[in-house]
Structures are given as structure tokens and as C-alpha cells.
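Structure record follows, encoded as C-alpha cells.
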Amino acid sequence: MELFSHPEFDHHEEVRFFHDRESGLRAIIAVHDTGLGPAIGGCRMWPYASEAEALRDVLRLSRGMTYKAAMAGLAHGGGKSVILGDPRRDKSPALLRAFGRAVAGFDGRYYTGEDVGTTPADMDIAGGVTQYVLGRSSGGSGDPSPMTARGVLMGMRVAVRHRLGRDDLGGVTVAIQGLGHVGMRLAGLLAEEGARLVVADLDPARVEAAARRFDARVADAEEILETPCEVFAPCALGAVIDDRSLPRLRCAVVAGSANNQLAAPRHGDGLHRRHILYAPDYVINAGGVINIAEELHPEGYRQERALQRLGVIAERLSEVFTRAERRGEPPHRVADAMAREIVGTARRARAA
Ligand code: NAI
């Protein structure tokens with residue numbers, strides 16, 4: 001398995017592998033960039049099919065966190081942890097404490113938090129051995145999903161204004177894929193704004209709830225991709241825009257919370273060619289990290305401050321769309337370049 005020449009390596013500052021004999025912990029922590037400040041990124045526990053898959057995931061996710069934090073205007077870099085294992089079977093307090101010790105070893109250059117397969121209660125345990133843990137069950141910033149949904153809503157407004165010249169979301173049809181923590185909240189916020197909703201989820205109970213509460217039309221998991229709508233909002237899995245889905249989309253805007261929505265950068269180019277405006281995922285879904293980063297404010301976490309900071313999502317997206325239009329380039333490429341510019345400037349300022 002290669003590291004320095006790995007296709008996703010992208011100048012990572014540090015990648016550490018951990019093993020704890022007693023608890024069985026096998027983990028990788030990647031710190032991509034601390035040019036803007038200490039890295040932030042959650043801990044994912046997943047039964048990876050191979051070590052190579054785990055390494056690829058942690059490298060991609062930690063780089064994504066660098067871009068996300070930079071575009072959100074945070075004084076933080078990007079990092080991520082993965083624990084190799086099945087969270088239902090392999091998780092134990094001893095394993096989480098061993099993970100906490102691994103985080104402690106970074107001496108504050110990396111802050112962890114919950115992610116897929118870990119919970120605030122897990123963070124309480126890991127946080128028993130290190131202070132560099134965010135998102136604990138009490139005294140912290142709480143569930144990030146409401147902030148993420150609110151940020152997506154704000155970003156969606158910007159995208160709709162830019163692409164369709166409409167000032168609000170009233171009467172706009174939004175197709176939401178995934179009614180989990182973020183998708184269901186987003187549906188509620190959109191319904192309040194008078195948007196027309198079409199929804200899909202693999203869980204029929206969630207779909208029924210959305211249909212009942214928000215008068216949403218129901219589509220199945222395949223139909224949602226080709227639903228005629230103004231906005232397609234991916235709020236389920238990553239890599240939803242791929243060779244198969246791209247030609248089927250019948251929307252003007254793609255704006256949702258899912259991480260890594262493009263299977264590959266060329267799919268963003270494909271959206272651009274089809275005149276579908278793509279709101280780069282790590283810009284529009286930054287509400288969660290903006291919220292959790294507030295825990296590190298010298299006066300402690302305050303929700304009002306986090307809410308105020310969410311405005312940066314709309315500002316940045318607007319900047320991305322304007323630059324993209326001026327240059328005739330796809331927004332995802334413009335956003336990547338902007339994020340690299342922000343990090344590069346911070347690095348040079350530090351070095352000077
Ligand atoms: P979740 O796990 O609560 O919800 C995901 C939902 O999508 C579930 O209801 C699931 O049944 C559904 N789903 C899965 N596959 C589907 C498919 N093929 N078609 C339709 N529905 C499907 O996750 P959550 O927290 O709502 O996050 C959603 C996305 O947003 C994820 O990609 C996550 O990484 C991303 N995200 C979440 C943040 C947060 O604050 N929770 C922050 C930033 C990104």
C-alpha cells in the first residue's frame with residue numbers, strides 16, 4: 001500500500017496508524033493541513049473491506065475538511081480519523097479510550113468529533129482521556145444537523161437566485177434525496193418557505209412522515225433522480241452524481257448536504273455542460289463544522305454566535321458562482337481553487 005505516492009495523498013502533513021492490542025483498536029488519523037489552525041474532523045467507524053479502502057477514505061475526508069474549514073472562514077485545518085471495524089460489534093469503552101489516547105498524541109494539532117458510526121456518547125468516553133474532543137453529549141454544541149440544514153437552505157437560496165433569478169424559494173420545486181437528520185430538517189425549513197417538495201428515502205416511515213407533515217410528493221429512490229424540479233438536494237450518500245445519474249437529472253440546481261456528491265471531478269464538469277448549477281458540497285454543508293468549531297471559542301459555545309456565522313456560507317457560494325460565471329468555469333473547480341488559495345495565503349503568512 002502506497003502512501004506518499006497515493007493518488008489521494010495531496011501533501012498530507014501527517015498520517016498515523018494506531019493499534020491497541022488490548023482493545024483491538026485499528027485506526028488511522030490523517031492531518032491534511034494545519035496552515036489555518038488546528039485540524040478538525042470527525043471519527044468514522046466503518047467495517048472497511050480493506051485497509052486500502054480505509055486509507056483512501058481518511059485521506060479524502062481529511063483533505064475535504066481542509067477545504068470545508070477554509071471556505072467557512074474558520075481558523076482551522078482539516079483532519080479525520082477512521083476506526084476499522086463494525087461499530088455495532090467492535091466498539092467498546094476500552095477501544096474508545098485507546099482512540100482518545102491516539103488523538104491526545106497530536107497535542108492539540110487535531111480535534112476529533114462524531115461521524116458515521118460514532119456518537120456523542122462515544123466522544124464522552126474518548127474525551128475522558130483527552131481534551132481534544134468536540135461534540136460531547138453535554139456541554140457541547142449538540143446535534144450539528146439543524147445547523148447543517150439551515151446552511152443548506154441559505155446556500156440553496158443563493159443558487160436559485162443565481163441560476164433562476166428568483167428571490168425566494170416559494171413555489172420552487174425541491175427534490176430531496178434522503179430524509180435523515182439533515183434531509184428531514186431541510187424539508188421542514190423548505191415547507192415553511194412555501195417550496196414544493198418531492199422526497200425519497202429507503203425508509204418508508206420517513207417518507208410517510210414527510211408526506212404527512214410537509215405535504216410532500218413521494219418518489220422512489222430511482223425516480224427522485226429524474227424528477228423534474230428546480231433543485232435536486234442530495235442529502236443521503238456520497239457519489240450520487242455519476243455516469244449513470246448525470247444524464248437523468250432534470251433540475252436546474254444541485255444543492256444538498258451530502259459529502260462528496262461528485263463521484264469524480266469530471267461529473268461536476270458534466271453538470272456544468274448541462275447548465276445545471278452545482279453548489280459545491282463542502283461549501284454548502286459547512287453548517288455542522290461551523291457549529292462545532294464554536295466550542296473552541298474562548299467564551300465557550302453559544303448557538304447565537306454559530307447561527308450568525310452561518311451567513312458565511314451564502315457569501316462564499318455567491319463568490320464561487322460569480323467567479324465561475326465570469327471565467328466560464330464549473331463552480332466545483334473554482335471552489336477548490338479558492339480553498340487552496342485561502343490555505344496557501346495562510347501558510348505563507350505563517351512562514352513570513
Ligand atoms: P442520516 O444517516 O441521518 O440520513 C441519511 C438518510 O438517507 C437516511 O434516512 C437513509 O435512509 C437515506 N438514504 C440512504 N440511501 C438512500 C438512497 N439511495 N435514496 C434515498 N435515501 C437514502 O445522515 P445525515 O446526518 O442526515 O447526513 C446526510 C448527508 O449529509 C450525509 O452524506 C452526511 O455525510 C452529510 N452531512 C451531514 C452533516 C450533519 O450535520 N449531519 C454535516 C455535513 C454533511
Side-chain angles (χ1 to χ4, degrees), residues 40-46 57 60-62 64-65 67-69 71-72 74 78 80 82 87 113-120 123 134-135 140-156 174-189 197-211 216 218-227 232-242 244-245 248-249 254-263 279-295 303 306-307 310 313:
I40 295 193
C43 170
R44 180 166 291 193
M45 183 163 186
W46 192 255
D57 207 30
R60 288 190 58 169
L61 290 165
S62 71
M65 288 307 298
Y67 286 16
K68 192 183 292 206
M71 291 298 267
L74 300 174
K80 199 84 184 185
V82 296
E114 64 161 318
D115 195 75
V116 177
T118 60
T119 63
M123 293 305 118
L134 304 173
S141 54
D143 177 3
S145 317
M147 288 292 187
T148 304
R150 199 160 278 283
V152 171
L153 178 81
M154 294 163 105
M156 200 182 279
V174 182
I176 305 180
Q177 180 193 43
L179 293 164
H181 289 91
V182 181
M184 193 66 96
R185 294 262 177 185
L186 179 64
L189 295 171
L197 300 181
V198 186
V199 296
D201 196 290
L202 301 180
D203 178 351
R206 293 181 171 274
V207 174
E208 273 160 38
V218 172
D220 71 26
E222 282 299 307
E223 258 169 63
I224 195 80
L225 295 168
E226 45 197 44
T227 297
F232 173 55
C235 298
L237 311 166
V240 64
I241 315 288
D242 60 10
R244 206 176 68 89
S245 64
R248 296 163 67 195
L249 295 175
V254 173
S257 74
N259 278 313
N260 297 326
Q261 290 171 33
L262 304 174
D281 44 18
Y282 59 81
V283 185
I284 196 169
N285 74 11
V289 75
I290 290 173
N291 190 50
I292 209 164
E294 278 298 321
E295 288 188 21
Q303 194 184 39
L307 270 167
L310 278 188
I313 293 177

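Whatever order the structure lists ligands and atoms in, that order sets their numbers, starting from 1. These numbers were taken from a predicted model, which means no experiment stands behind them. Side-chain atoms are counted along with the backbone in the values below, which use heavy atoms only and exclude waters and symmetry mates.
Taking atom 2 (O) of ligand 1 as the reference point, the nearest protein heavy-atom neighbour is His181 ND1, 4.7 Å. Among protein heavy atoms, atom 4 (O) of ligand 1 sits closest to Gly180 CA, 3.1 Å. Shortest contact from atom 37 (C) of ligand 1 to any protein heavy atom: Val182 CG2, 3.9 Å. The protein heavy atom nearest to atom 8 (C) of ligand 1 is Asp201 OD2, 3.5 Å. Here the protein heavy atom with the shortest distance to atom 28 (C) of ligand 1 is Cys235 O, 3.3 Å. Closest to atom 35 (C) of ligand 1, if we only count protein heavy atoms, is Ser257 O, 3.3 Å. Nearest protein neighbour of atom 34 (O) of ligand 1, counting heavy atoms only, is Asn259 ND2, 3.1 Å.
Note that CG of Asp203 and CD of Glu208 are 9.0 Å apart. Values are rounded to the nearest 0.5 Å. Leu134 contributes atom CG, which lies 5.0 Å from atom CD1 of Ile292 (distance to the nearest 0.5 angstrom). The structure places NE2 of His181 at 11.0 Å from OG1 of Thr148, a figure rounded to the nearest 0.5 Å. Atoms CG and CZ, from Leu179 and Arg185 in turn, are 13.0 Å apart once rounded to the nearest 0.5 Å.
Counted by atom type alone, Asp115 and Thr118 present zero donor-acceptor pairs between their side chains at under 3.5 Å. Side-chain N/O atoms of Glu294 and Ser141 include no donor and acceptor closer than 3.5 Å.
Within 6.0 Å of atom CZ in Arg150, 12 or fewer heavy atoms from other residues, nucleotides or ligands are found, so the atom counts as exposed in its surroundings.
Within the 4.0 Å heavy-atom criterion, neither part of Met147 lies near ligand 1.
Residue Lys68 places no N or O, backbone or side chain, under 3.5 Å from any N or O of ligand 1. Residue Gly183 has no nitrogen or oxygen atom sitting less than 3.5 Å from a nitrogen or oxygen atom of ligand 1, judged on distance alone. Looking at Asn285 next to ligand 1, no N or O pair under 3.5 Å apart turns up. By the 3.5 Å distance cut-off applied to N or O atoms, Thr148 is counted among the residues near ligand 1.
For the pair Asp281 (side chain) and Asn260 (backbone), a donor-acceptor distance under 3.5 Å is present.
The shortest side-chain heavy-atom distance between Ile313 and Ile290 falls under the 4.5 Å cut-off.
Listed by atom number, the atoms of ligand 1 under 4.0 Å from Ser145 heavy atoms are 40 (O), 41 (N). Atoms of ligand 1 lying under 4.0 Å from at least one heavy atom of Arg206, given by number and element, are 9 (O).
Not a single heavy atom of Gly238 sits closer than 4.0 Å to an atom of ligand 1.
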